[in-house]
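Numbering of ligands and ligand atoms starts at 1, following listing order. Starting from 1, each residue takes its place in the sequence as its number.
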Amino acid sequence: MTNLSLGLRENLKKHFYIYWPKIERVYQSKDGTYKFLILLEDGQVIETVLIPEKDHYTLCVSSQVGCSLACTFCHTGQMGFVRNLRAYEIVSQVILAKKFIAEQKLSFALRNIVYMGMGEPLLNWSEVKKSLGILLDENTLNYSKRRITVSSVGIPKVLEEFARSGLAMVAISLHAPSQTLRKKLMPKAARYELSELIQVLQNYPLKPRERITIEYVLLKDVNDTPAHALELVKLLKKVRCKINLIRYNPWPGSPYQAPEPERILSFEKILWDNNFTAILRKSKGDDILAACGQLRATEN
Ligand code: SF4
């Protein structure tokens, strides 16, 4: 930058440097999903997943290296917590994916971003907040908040702050219709009472057409029976939401199985019969361990 004075350049060099995380390895699924193993400055590795939709890509970004919550059905949870990502490391995942799309001349653009990769975003709220600010800024990436979703197990106090910030849409990883079952499946997340979380969701500030997304992973004979569906209906009756059902994606050594299709259909039907919008999310990238709950940042 020879248009800057030598003194200023020396000063900049003394105080700042530019570093880019690197895509270390790319896995490609037969369904067109890409999983990137991204190497960070300190040698840690995270995973980011680029998912093809009908006419665009969605990028699933990580917010932490590992995760401290150790949900029993989640592969990331089994690796423990290593560290929080810095805002630039979160934003870099988006920039690297856009660069990859351009270099590979892929046919769609990146339209949606979901904070659903490794980590619990609200346990790294200050950096996640900064990263959202950068993604939304019209002078940088200029995303619309409607195109970004932050997924959380629901940490009531931070969730309230996130809601007030209005920086992105929200998805809640609920996965159980009662505190007792949630304690078994997500023991650390269940340190926060379910009743408190539901209270926050009932008061969540939403525009007329907006809904909270509830994520519910279906585990065979654990949380997938008609009784569980009815319990879920009761729990969410005052929450303005739509429900995403996810058929469990097993990983090597996982303690759960995926339910049979009929079980899933009857669960979904009970929700529809009770006036909920429920959608079975088609899992993508499960052959390269890139689907929901399968990320672990290993050379597999
Ligand atoms: S499901 Fe989310 S919060 Fe739970 S262990 Fe996995 S990454 Fe962490």
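With no hydrogens or angles considered, no side-chain donor-acceptor pair links S62 and E47 at under 3.5 Å. No side-chain N or O of N124 forms a donor-acceptor pair with one of S63 less than 3.5 Å apart. Residues Y88 and S131 bring no donor and acceptor atom of their side chains to less than 3.5 Å of each other. In summary, the side chains of E41 and Y19 do not present any donor paired with an acceptor at a separation below 3.5 Å, with no hydrogens or angles considered.
Partners of K183 under the side chain to side chain donor-acceptor pair (under 3.5 Å) rule, at least two apart in sequence or in another chain, do not exist in this structure.
By the criterion of a separation under 2.8 Å, the protein N/O/S atoms near atom 8 (Fe) of ligand 1 amount to C67 SG.
Ring geometry for Y204 against F162 counts as tilted: the plane angle lies between 30° and 60°, on a 0 to 90° scale.
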